[in-house]
*Asks:* 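Pasting in a structure now, in structure tokens, and then I'll have a few things to ask.
Computed from heavy atoms alone, side chains included, the values below leave out hydrogens, waters and symmetry copies. Below, read A as the first sequence line, B as the second, and so on, with proteins coming before strands; counting in each chain starts at 1.
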Amino acid sequence: DAEITQSPRHKITETGRQVTLACHQTWNHNNMFWYRQDLGHGLRLIHYSYGVQDTNKGEVSDGYSVSRSNTEDLPLTLESAASSQTSVYFCASSESTGQETQYFGPGTRLLVL
Amino acid sequence: RKEVEQDPGPFNVPEGATVAFNCTYSNSASQSFFWYRQDCRKEPKLLMSVYSSGNEDGRFTAQLNRASQYISLLIRDSKLSDSATYLCVVNFGGGTSYGKLTFGQGTILTVHP
């Protein structure tokens, strides 16, 4: 069955370190998204991609970057982790019509000390 | 004003009760609407899409009022397993919003015996 996976599921790191969170989907979806979820803020969009070599900034992109070298993967990199980036991170994907629902991965819980 | 607003609750109801959640959205050009369900420490999952004519899926009924920019979800005969956070989700349409979803903060439902 097609699916979307994230790794690691839990991560503890120190401030200033570079961290990369992986997202892999086998739906063959062109659209992929990264969100963070914090109490009081709901889900907020960090970066998104409409296809290979395409990346775009979301509403909370500062301190994060993504790259899209193939259809299946959209890794999220925290360039220099900060305590404010402690959060739960969700990856999602959707088809190309623009109005389709999104399917979410299981999430990565990141703690920055 | 938030783009998608929900009453955060929490709603505490007994098994068998009927409960309704409301949601308002700010963009009149919004094109598609969804209710997602999120269990504690899990990823959001699509509960149902919301269509202009209203739609039903078993015990769940969704309504859309475009004139008032209002979406609702009705749950009949509540079960313990319905306890979760319910997210109102809107796709604002094309242009810079293409493919992107905007999430409400969620309404917490607890169903007790």
*Asks:* Picking from B/Glu43, B/Lys42, B/Arg41, what satisfies side chain to side chain contact (heavy atoms under 4.5 Å, CB included) with A/Pro106?
*Replies:* B/Glu43
*Asks:* Sort out for me which of A/Gly105, A/Gly107, A/Gly42 touches chain B most, counting heavy-atom pairs under 4.5 Å.
*Replies:* A/Gly105
*Asks:* Around atom CG of A/Leu39, are there more than 12 heavy atoms from other residues, nucleotides or ligands closer than 6.0 Å?
*Replies:* no
*Asks:* Taking OH in B/Tyr70 as the centre, count heavy atoms belonging to other residues, nucleotides or ligands within less than 6.0 Å. Is the count above 12?
*Replies:* yes
*Asks:* Looking at CD of A/Glu59 and OG1 of B/Thr102, how far apart are the two atoms once the value is rounded to the nearest 0.5 Å?
*Replies:* 7.5 Å
*Asks:* Can A/Ile4 be reached from A/Phe90 by stepping across I, L, V, M, F, W or Y side chains whose heavy atoms are under 4.5 Å apart?
*Replies:* no
*Asks:* B/Val50 and B/Leu47: same hydrophobic cluster, using ILVMFWY side-chain contacts below 4.5 Å?
*Replies:* yes
*Asks:* Check each atom of A/Arg109 against the heavy atoms of chain B and say whether the ones under 4.5 Å are side chain, backbone, both or neither.
*Replies:* side chain
*Asks:* Around atom CG of A/Leu111, are there more than 12 heavy atoms from other residues, nucleotides or ligands closer than 6.0 Å?
*Replies:* yes
*Asks:* Using only non-hydrogen atoms and a strict under-4.5 angstrom cutoff, which residues of residues 17-26 of chain A touch chain B?
*Replies:* none
*Asks:* Evaluate side chain to side chain contact (heavy atoms under 4.5 Å, CB included) for A/Phe33 paired with B/Lys100, printing each intermediate quantity in order.
*Replies:* CA-CA 8 Å; A/Phe33 307 84; B/Lys100 294 191 286 186; 4.2 Å; yes
*Asks:* Are B/Ile108 and B/Ile71 connected in the hydrophobic side-chain network, where two residues link if heavy atoms are under 4.5 Å apart?
*Replies:* no
*Asks:* Below 4.5 Å, heavy atoms only, C-beta onward: do A/Leu43 and B/Tyr36 meet side chain to side chain?
*Replies:* no
*Asks:* Under 4.5 Å between side-chain heavy atoms, counting indirect links through other Ile/Leu/Val/Met/Phe/Trp/Tyr residues: same cluster for A/Leu110 and A/Tyr35 or not?
*Replies:* no
*Asks:* Distance from B/Leu101 atom CG to A/Thr101 atom OG1, nearest 0.5 Å?
*Replies:* 6.5 Å
*Asks:* With the 4.5 Å side-chain cut-off for hydrophobic clustering, are A/Val66 and A/Phe104 part of the same group?
*Replies:* no
*Asks:* Answer yes if the side chains of B/Gln38 and A/Gln37 hold a donor-acceptor pair under 3.5 Å, and no otherwise.
*Replies:* yes
